[in-house]
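The structure appears below as structure tokens.
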Amino acid sequence: MDLFAHQDISKTQIPEAIEVINPATGEILAYVKKTNAQELEEKILKAYKAQKQWANILAEERSDRLMRFFVLMLEYKEALAEIMTKEQGKPLAESRGEILYAASFIKWFAQEARKVCGDIMESKVKDQKIMTLKQPIGVCAAITPWNFPSAMLTRKIAPALASGCAILVKSASKTPLSAYALELLAQKAGIPKDVFMIVNGDSNTISDVFCESEMIRKLSFTGSTEVGAQLYAKCAKTVKKLSMELGGNAPFIVFDDANLEEAVQGIMASKFRNSGQTCVCANRIYAQSGIYTRLCEILQKEMQTLKVGNGLEEGVNQGPLIHKSAVLKVKEHIEDALSKGARLLSGGKEHKLGGTYFEPTLICDVTPSMLVAKEETFGPLAPIFKFDTEEEAIAMANATEFGLAAYFFTQDYKRQWRVAESLEYGMVGINTGLISNEVAPFGGIKHSGLGREGSKYGIEEYMELKYLCLSVK
Ligand code: SIN
């Protein structure tokens with residue numbers, strides 16, 4: 001099966017198309033057709049009709065088709081990973097990992113499809129039965145990001161399809177090819193084509209149609225807090241259900257009593273996954289004064305093992321950044337920190353390979369007044385702050401409007417519980433830098449969003465709870 005055989009993708013120039021560019025080489029990989037507002041309205045109407053039939057088939061049948069989709073993703077893992085590395089830039093090993101991660105949501109929600117159930121409550125009055133039903137919310141829309149072109153898509157479509165919803169997805173215009181490939185595989189697995197559709201085009205046009213449509217009852221978005229807040233406001237008129245996975249500014253605290261080698265491995269995994277372009281990346285690393293110097297030394301040594309290059313090349317574990325603007329942001333954070341007294345331990349500039357490659361960078365003596373303490377860098381910059389007490393670390397970690405992920409390393413079991421409870425975050429990694437998987441509820445608090453994806457909670461976001469009151473007099 002040719003995963004590029006989608007009607008919306010062309011290898012040759014089509015008018016007004018989106019160019020998909022390989023960030024490692026600058027080469028144009030494909031042109032993607034833009035969907036205009038009228039075409040989108042037509043697609044929503046098709047989804048509206050198709051959803052009713054999809055919701056009416058047995059949950060077991062929906063589950064079986066999702067399982068076939070999962071198996072196909074494994075079968076096409078290599079081709080999907082190659083497409084991802086070419087359009088997104090992440091190393092092939094990470095792309096393979098993301099395909100497995102993405103497929104895990106399809107499998108998980110295929111299993112969850114059969115577990116949806118309402119309940120019967122003890123009535124307040126005689127001869128009355130109080131019950132609840134869970135029903136699919138209807139037609140949903142999703143807007144997905146470029147940093148995880150497959151996993152962020154399946155984390156949304158799998159619970160939608162499992163619960164009996166239809167879903168239209170606007171994939172990121174920088175990485176649409178992975179999304180179209182998944183749409184083809186879903187159709188091959190027996191998911192009706194009008195029940196899951198990918199669209200692309202002008203972001204404002206598409207999001208306006210999504211937000212204003214009465215037929216769309218739910219919007220799920222992963223992206224920046226700024227855009228999330230705009231979508232939130234735009235959806236107010238049609239009172240849609242929302243899931244928002246927005247920006248982060250993850251603290252990573254290393255206490256004096258931590259296992260330092262493991263803490264450094266945790267930082268490497270959390271900070272440099274996807275070249276630092278994840279919402280859950282360690283953005284601020286806090287080291288307690290007793291281990292501060294040692295931690296900087298071990299981390300600096302470990303960072304020398306990172307090989308920057310084209311993700312298709314053997315041994316490369318840090319690809320290019322997605323765009324020139326990402327490079328500018330990393331540079332801005334470094335320059336600001338150095339101008340305010342931080343010290344550069346390694347990296348610090350664009351990589352000699354050119355393009356959007358950037359050197360893995362380590363700075364120390366970072367303070368709360370620096371930009372990197374307040375904003376998400378979204379790049380390969382590890383800034384180290386020093387702290388003395390547990391209270392101080394918690395206060396610094398919580399001093400942000402974001403609340404997605406936080407991490408800390410300590411071997412003191414009482415401190416593990418105490419700090420975990422005090423951190424104002426939706427997700428906390430304790431002695432680990434990797435927390436994402438299909439079993440766990442992914443999501444944040446404060447300006448990092450609302451709702452949870454994955455896990456047993458994820459399917460609830462795509463269902464309505466209906467209460468039935470039956471008189472049996
Ligand atoms: C994200 O960066 O938005 C998601 C990262 C993850 O799922 O681990």
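Read the numbers this way: they start at 1 and go in the same order the structure lists the ligands and their atoms.
Using the six-membered ring where Trp is involved, Tyr286 and Phe387 have ring planes that are perpendicular, over 60° apart on the 30 and 60° scheme.
There is a side-chain donor-acceptor pair under 3.5 Å between Glu87 and Ser178. With 3.5 Å as the limit, one finds a donor-acceptor pair spanning the side chains of His333 and Thr377.
Arg68 meets the salt bridge (Lys or Arg N to Asp or Glu O under 4.0 Å) test with no other residue; sequence neighbours excluded. Every residue meeting the side chain to side chain donor-acceptor pair (under 3.5 Å) condition with Glu82, not counting sequence neighbours, appears here in chain and number order: Lys86. When the salt bridge (Lys or Arg N to Asp or Glu O under 4.0 Å) test is applied to Asp202, no partner is found at least two apart in sequence or on another chain.
Within 4.0 Å of ligand 1, protein heavy atoms come from Tyr101, Asn147, Phe148, Met152, Arg155, Thr222, Glu245, Arg273, Thr278, Cys279, Val280, Ser436, Phe442.
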